[in-house]
Amino acid sequence: VTHMAFTWYGNQTDSEARRFGSLAVVFPLIERMNVMSIINQHVPADPQADFDYGTTLSLLMAARLSSPMGLSNVAQWAQDTGADILWGMPPNKINDDRLGRALDAFFEQRHSILASLALYVSREFDVPLNELHYDPTHILLEGEYEEATARVKEVIDRSGKKEVVRSNDQLGPAHITKGRATDDAPNGSLMIHAGLCTFVDEFGPLPLYGHTVDGNQNGRKAVDEQLALLCKHLKPAKLTMISDRGTFSVGHLLRLRAAGHSNAICSAPWGEFRELFDKHRKTLLWKHASYLSIEQQRRRNTGSLLPQEHYELAVLRHTLKDDATDKEIACRVIFVFSTADQKVVRKQRKKQIDSIREDLEKTQKNVSRRGPYSDEDSVARRIARLTGKKDAAKYFSWKMTKLTKREQEGLPKPGRGCRPATHRFEFTFDEAAWRVDEEYDGYSVVVTTVPQNRASGDEVFTKFKQQIYSEQVNRSFKGPLAIQPVFLQTPERVEALVFLMIIVLMLYYLLQRHYRQSVPDDAPQKEHRTTTRTILEAFSSYSLLIHYHRLGCEVQPTALTTRQREILQQLGFSTPAQILSHRLPRPPT
């Protein structure tokens, strides 16, 4: 007997499919994080309102996590995915005006809401707050924002006898203004800066808190304000703050000390410690660092013949003095040598030197044949343009020397299209300065106030290298979550959306952290490195079916795949069927 499977055409149906997708894991996590309740505690809605702020804003969070979109597109997204059913908000009630008003309310308590969520997540998911990596990033904005002005009030008021830390409705939004040009921000770009505080351990990074500063402010200002807000809202008993050299200052170390039981691990500008390095260079005791990048670990495990790079450390006890206050603070200066960095720096320098020399030689030939733009002013502009901000430009010097009448007469007859030269272009290369700089290639410095009995120099350096995860979080902030570019009506709503996206970022990384924590020790290494992106992609095809009847519509969850069910079990989340059965009434009899 032959068994055959037939596929046939059926009649057209009014049933619809909703792309439920990532909501299968996002909604349970929003509930587990207690997002709606915490928002409503801080910004209770009018009792007459159709929907509270917690419901409205958590829906916006899920929408932004699903796909970057404007406020006017959230209603269509909710209808397409079934979020309107899950949140109990009809699409015609999800409009940009309602969402905008919710952002306005959120702005008034943004620091407190974010802190309450961070503290709740810390308790609920067992995340300590004793070590936080800080890293600022710029956020580009589109539009005019004519209402944007410099903050009328500073975060920290030091004018009185006691410092006052302002936040929430006492603090205006960050000033949307022109900031420093970067690779992805051309001159004239409007921006603000957002600094994120991230916890890092073996399960990866988890952003927990953040703050914004004006687009034209620097890292020192940002980390000063961030520390003040951390102490006011999170109140950590002990804190080690880890950050990059843009935030380094003696004042920052002193402020952490004044906060009580707080310490810093911070890279510092090499120029500020080069003299100290030269003074002790011959007596420094160097040791190999235990830290290796993932790639270097792989090379050693596989016996790869590729270059096996390493770090060397030398620790020096030192005392720093703040010129503004004359206060001193004891610290450890960790000088770092990287074999990989040395190679990279030398390769980049040689490339710059060769490029500048080639352009100068072309200029020399052009001047000698009196070609176009060979006058002194044109030559000066050309050299300024070709050297730009290249570090290697400092090794070169040049001058235009006017030829004497005898020198002009001794020149060969100019070629066709050329005129007799009137100047001689000369340039020199300072090889001695180049050799001096080479002696410092591969060196950097990390400063810490963490006591020796709490962490060795090697342990401090390992903690500092985890800063790369904080930078990864910032890339996600502007990449998969696409906080930029931002289009909103007012600076207050821009600020509110940035803070809301910090919560979304927390949710994004908490999902993979929660999953990794539940993976058995003997599971494959790939399972231990499962990312949120992988989890969300596993549910990308999951749908709901909507059947329309005379009395209403019936919502029918589809069957989960084996992998989808495994993920939900690993996370300890309810299935879509269980969630919907609790949120929707039974069919009428």
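At least one side-chain heavy atom of L171 sits under 4.5 Å from a side-chain heavy atom of R110. Looking only at side-chain heavy atoms (C-beta outward), Y508 and L65 come within less than 4.5 Å of each other. By the 4.5 Å heavy-atom criterion applied to side chains, L511 and L536 are counted as neighbours. At least one side-chain heavy atom of K394 sits under 4.5 Å from a side-chain heavy atom of D437. Annotation: side chain of P307 is in contact with side chain of K343 (closest heavy-atom distance under 4.5 Å).
A donor-acceptor contact under 3.5 angstrom links the side chains of E309 and T339, judged on distance only. A donor atom on one side chain and an acceptor atom on the other are not found under 3.5 Å apart for Q308 and H310. Side-chain contact annotation: R151 with T212, donor-acceptor N/O pair under 3.5 Å present. Of the N and O atoms on the side chains of N168 and S112, at least one donor lies less than 3.5 Å from an acceptor on the other residue.
Distance check: R220 CZ to R245 CZ gives 12.0 Å after rounding to the nearest 0.5 Å. For the atom pair OG of S574 and CZ of R32, the computed distance is 11.0 Å after rounding to the nearest 0.5 Å. For the atom pair L313 CG and S338 OG, the distance stands at 10.5 Å (nearest 0.5 Å). Distance check: I265 CD1 to Q466 CD gives 9.0 Å after rounding to the nearest 0.5 Å. For the atom pair L230 CG and L256 CG, the distance stands at 9.5 Å (nearest 0.5 Å). Once rounded to the nearest 0.5 Å, the distance linking CZ of R493 with CG of L500 reads 13.0 Å.
Electrostatic pairing of E154 and K221 counts as a salt bridge here, judged by a charged N lying under 4.0 Å from a carboxylate O. Salt-bridge formation is detected for the pair R513/D201: a Lys NZ or Arg NE/NH1/NH2 atom is positioned less than 4.0 Å from an Asp or Glu carboxylate oxygen. At a threshold of 4.0 Å, the pair E328-K321 does not count as salt-bridged, since none of the basic side-chain nitrogens sits closer than that to a carboxylate oxygen. Under a 4.0 Å N-O distance rule, the pair R158/D224 qualifies as a salt bridge. Electrostatic pairing of R435 and E431 counts as a salt bridge here, judged by a charged N lying under 4.0 Å from a carboxylate O. Using a 4.0 Å cut-off between charged side-chain N and carboxylate O, R349 and D441 make a salt bridge.
Side-chain atoms of S262 come within 3.5 Å of backbone atoms of G260 as a donor-acceptor pair (strictly under, hydrogens ignored). T448 contributes no side-chain N or O that, together with a main-chain N or O of R332, makes up a donor-acceptor pair within less than 3.5 Å. Formation of a donor-acceptor pair under 3.5 Å by the Q217 side chain with backbone atoms of A222 is not found in this model. Judged by distance alone, the side chain of E495 and the main-chain N or O of A174 form a donor-acceptor pair under 3.5 Å. Judged purely by atom type and a 3.5 angstrom limit, T247 uses its side chain to pair as donor or acceptor with the backbone of D244. Proximity of a side-chain donor or acceptor of H288 to a complementary backbone N or O of E312 within less than 3.5 Å is not detected. Side-chain atoms of H111 never come within 3.5 Å of backbone atoms of G210 as a donor-acceptor pair (strictly under, hydrogens ignored). Between the Q512 side chain and the T532 main chain, a donor and an acceptor come within less than 3.5 Å of each other.
Taking the six-membered ring where the residue is Trp, Y443 and F337 present tilted rings, their angle falling between 30° and 60°. Between F499 and H211, the ring-plane angle classifies as perpendicular under the 30° and 60° cut-offs.
Of all the heavy atoms in S267 and F464, the pair that sits closest is CB-CZ, 3.5 Å. What you find for L208 and M506 is that their closest heavy atoms are O-CE, 3.6 Å.
More than 12 non-hydrogen atoms from other residues, nucleotides or ligands lie less than 6.0 angstrom from CZ of R281. When the shell of 6.0 Å around CZ of R180 is examined, it contains 12 or fewer heavy atoms from other residues, nucleotides or ligands. Around atom CZ of F573, more than 12 heavy atoms belonging to other residues, nucleotides or ligands sit under 6.0 Å away. By the neighbour-count criterion of 12 heavy atoms within 6.0 Å, atom CG of L284 is densely surrounded, having more than that number from other residues, nucleotides or ligands. Shown here is R516, whose CZ atom has more than 12 heavy atoms of other residues, nucleotides or ligands within 6.0 Å. More than 12 heavy atoms of other residues, nucleotides or ligands sit less than 6.0 Å from atom CD of E202. Counting heavy atoms of neighbouring residues, nucleotides and ligands inside a 6.0 Å radius, atom NZ of K327 does not exceed 12 of them.
Taking the ring axis of F277 as reference, the NZ or CZ atom of R274 does not stay both within 45° of it and closer than 6.0 Å to the ring centre.
Residues forming a side-chain contact (heavy atoms from CB on, under 4.5 Å) with A115 (at least two apart in sequence, or on another chain): Y209, H233, L234.
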